[in-house]
Amino acid sequence: MSKQPEIDLTNIPLDDLVSLHNRVLRKIAARAKIDLESQHGEQGAPASAEPDPRLELEIATPVSEQLYLPSEVPRIPRFAFTGPGEGWPPRPTEQRQVRQLQAEPLHGSFTDELEQRVRHAALSHPDVRELLGERHAFIHTDMAATGKSMRPDLDRPLRMRLIFFSHTHNMAVEVEMEGLELVRAVNVPGFQPPEAVEEIDEAIEIARADPRLHGLVENLEASGLLQQFQREDPLAGRRILWVTFFDPGETEGEKPARYGAAVDLNRRTVLVARQDPDLTRSDTRQSEATDA
């Protein structure tokens with residue numbers, strides 16, 4: 001069998017290649033139709049049988065428009081932003097025609113000023129003060145849930161939810177306000193909200209004053225973290241913070257702990273305080289049993 005000569009297709013116009021391609025496909029389809037009809041004849045199929053719909057499909061669509069490709073590969077834009085020394089927030093380095101606009105708060109929007117006014121109004125209400133007692137901490141404020149199908153009424157004051165924790169009653173308190181008016185104030189049993197900044201500061205102050213740490217942690221910085229206990233644990237439900245003292249100048253990364261203390265904010269007492277920062281719950285329970 002002789003070798004078929006190779007055909008150079010590089011100089012053939014695109015329209016001619018498409019036309020050649022379609023002619024070849026039509027010949028293949030015609031041959032397939034003949035084979036199909038011969039098979040029907042062998043099986044006794046009637047001469048008026050409907051043609052196979054697979055053979056009626058459009059084989060190819062000729063290209064009627066000239067294709068134009070770019071002479072060079074398009075340049076992909078490179079997005080770069082300014083660094084830390086050029087102010088915050090970062091800006092695109094190639095930005096042009098920048099115009100500063102004065103932002104105006106929307107009517108009835110949640111602002112820091114409004115949050116402070118609402119919090120003050122809530123703390124002034126007798127029902128709220130009774131639930132909180134003498135010692136309490138403010139946790140956070142957010143928008144009250146209205147449901148997915150309900151839209152906020154911009155003509156009415158915002159509904160806001162304030163979360164407190166009463167150290168006097170060892171209970172979380174939820175307060176709902178509509179503007180400066182109290183909607184409801186209820187206890188939330190079993191709920192331990194995240195530690196507040198004022199709780200961390202109080203726990204650090206109590207730990208610094210403990211005789212076991214006095215004179216050792218004055219030049220150290222500190223942080224606090226609320227501890228969660230299992231329901232069956234004797235300390236479950238108590239407002240206990242782990243306070244860790246560290247030297248900020250020791251390393252650039254995570255600061256190694258130098259001293260630690262477990263502070264019970266309900267009783268304003270230190271359950272455990274020692275140089276070893278690895279305070280375990282067994283140590284806390286043992287100290288609790290000794291204090292009891």
Side-chain angles (χ1 to χ4, degrees), residues 119 122-123 125-142 145 161-176 184-218 220-247 254-292:
R119 191 197 315 179
L123 292 173
H125 201 282
D127 293 347
V128 177
R129 292 201 304 268
E130 182 179 356
L131 292 177
L132 294 179
E134 295 182 1
R135 296 182 54 248
H136 62 272
F138 166 72
I139 307 300
H140 65 82
T141 303
D142 56 19
R161 186 186 66 152
L162 296 84
I163 301 297
F164 298 87
F165 192 88
S166 170
H167 299 130
T168 301
H169 305 303
N170 192 30
M171 183 74 65
V173 177
E174 179 179 314
V175 179
E176 186 171 338
R184 67 187 185 100
V186 295
N187 287 324
V188 189
F191 174 49
Q192 283 280 351
E195 66 278 358
V197 174
E198 57 185 284
E199 288 184 303
I200 297 175
D201 294 340
E202 181 181 3
I204 293 174
E205 180 182 356
I206 295 173
R208 287 188 187 277
D210 188 87
R212 290 166 288 186
L213 297 177
H214 185 68
L216 300 174
V217 297
E218 277 70 10
L220 300 179
E221 294 187 5
S223 62
L225 182 65
L226 177 68
Q227 297 301 290
Q228 301 286 351
F229 299 92
Q230 298 295 331
R231 183 176 301 178
E232 63 275 7
D233 197 297
L235 298 178
R238 299 276 289 277
R239 201 70 172 168
I240 298 176
L241 268 67
W242 296 109
V243 176
T244 303
F245 294 92
F246 56 90
D247 186 349
E254 184 177 356
K255 312 301 181 184
R258 301 286 296 277
Y259 299 91
V263 179
D264 186 342
L265 289 180
N266 298 113
R267 302 182 181 181
R268 290 181 59 85
T269 58
V270 179
L271 303 180
V272 175
R274 65 186 189 187
Q275 183 172 359
D276 182 3
D278 186 19
L279 301 176
T280 63
R281 292 181 181 177
S282 60
D283 296 329
T284 306
R285 297 191 194 96
Q286 183 179 359
S287 176
E288 176 69 9
T290 303
D291 294 342

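Residues: numbered from 1 along the sequence shown. Remember, predicted model here, so these are calculated numbers, not experimental data.
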May I ask you to check whether over 12 heavy atoms, not counting those of E198, lie within 6.0 Å of atom CD? yes
Within a radius of less than 6.0 Å around NE2 of H140, do more than 12 heavy atoms belonging to other residues, nucleotides or ligands occur? yes
Under the side chain to side chain contact (heavy atoms under 4.5 Å, CB included) rule, what do E221 and F245 come out as? Steps first, then yes or no, please. CA-CA 6 Å; E221 294 187 5; F245 294 92; over 6 Å; no
Carboxylate-amine/guanidinium contact R208 E218, below 4.0 Å: no
Please list, chain by chain and in numerical order, all residues satisfying ring-ring contact (aromatic ring centres under 6.0 Å, His included) with H167, sequence neighbours excluded. F165
Go through the structure and list residues passing ring-ring contact (aromatic ring centres under 6.0 Å, His included) with F164, not counting sequence neighbours. F138
Under a 4.5 Å cut-off applied to non-hydrogen side-chain atoms, are I163 and T141 in contact? no
What pairs of residues pass the salt bridge (Lys or Arg N to Asp or Glu O under 4.0 Å) test when at least one of them lies in residues 129-139, not counting sequence neighbours? R135-E202
Check the pair I240 / F229 against side chain to side chain contact (heavy atoms under 4.5 Å, CB included), numbers first and verdict last. CA-CA 10 Å; I240 298 176; F229 299 92; 4.1 Å; yes
CG-CG distance between L271 and L241, expressed to the nearest 0.5 angstrom: 11.0 Å
Please report the interatomic distance CG(L213) to CZ(R274), rounded to the nearest 0.5 Å. 11.5 Å
Salt bridge (charged side-chain N to carboxylate O under 4.0 Å, His left out) involving [X] - partner list, sequence neighbours excluded:
X	result
D142	R161
R119	E115
E195	none

Determine, step by step, whether E199 and L226 satisfy the side chain to side chain contact (heavy atoms under 4.5 Å, CB included) criterion, reporting the C-alpha distance in whole Å, the side-chain angles of both residues, the deciding distance to 0.1 Å, and the verdict. CA-CA 9 Å; E199 288 184 303; L226 177 68; over 6 Å; no
Listed partners of [X] passing side-chain hydrogen bond (donor to acceptor under 3.5 Å, both in side chains), at least two apart:
X	answer
N266	N170
R231	none
D127	none

Between R212 (side chain only) and A261 (backbone N and O only), is there a donor and an acceptor less than 3.5 Å apart? no
Backbone N or O of G133 within a donor-acceptor pair of the T168 side chain at under 3.5 Å? no
Partner of Q192 by side chain to side chain donor-acceptor pair (under 3.5 Å), out of R239, Q228, R238: R239
Could you pull out all residues at least two apart from V188 that satisfy side-chain contact (heavy atoms from CB on, under 4.5 Å)? A172, E174, F191
Evaluate the criterion side chain to side chain contact (heavy atoms under 4.5 Å, CB included) for residue pair L131 and V186; output intermediate values, then yes/no. CA-CA 8 Å; L131 292 177; V186 295; 5.6 Å; no
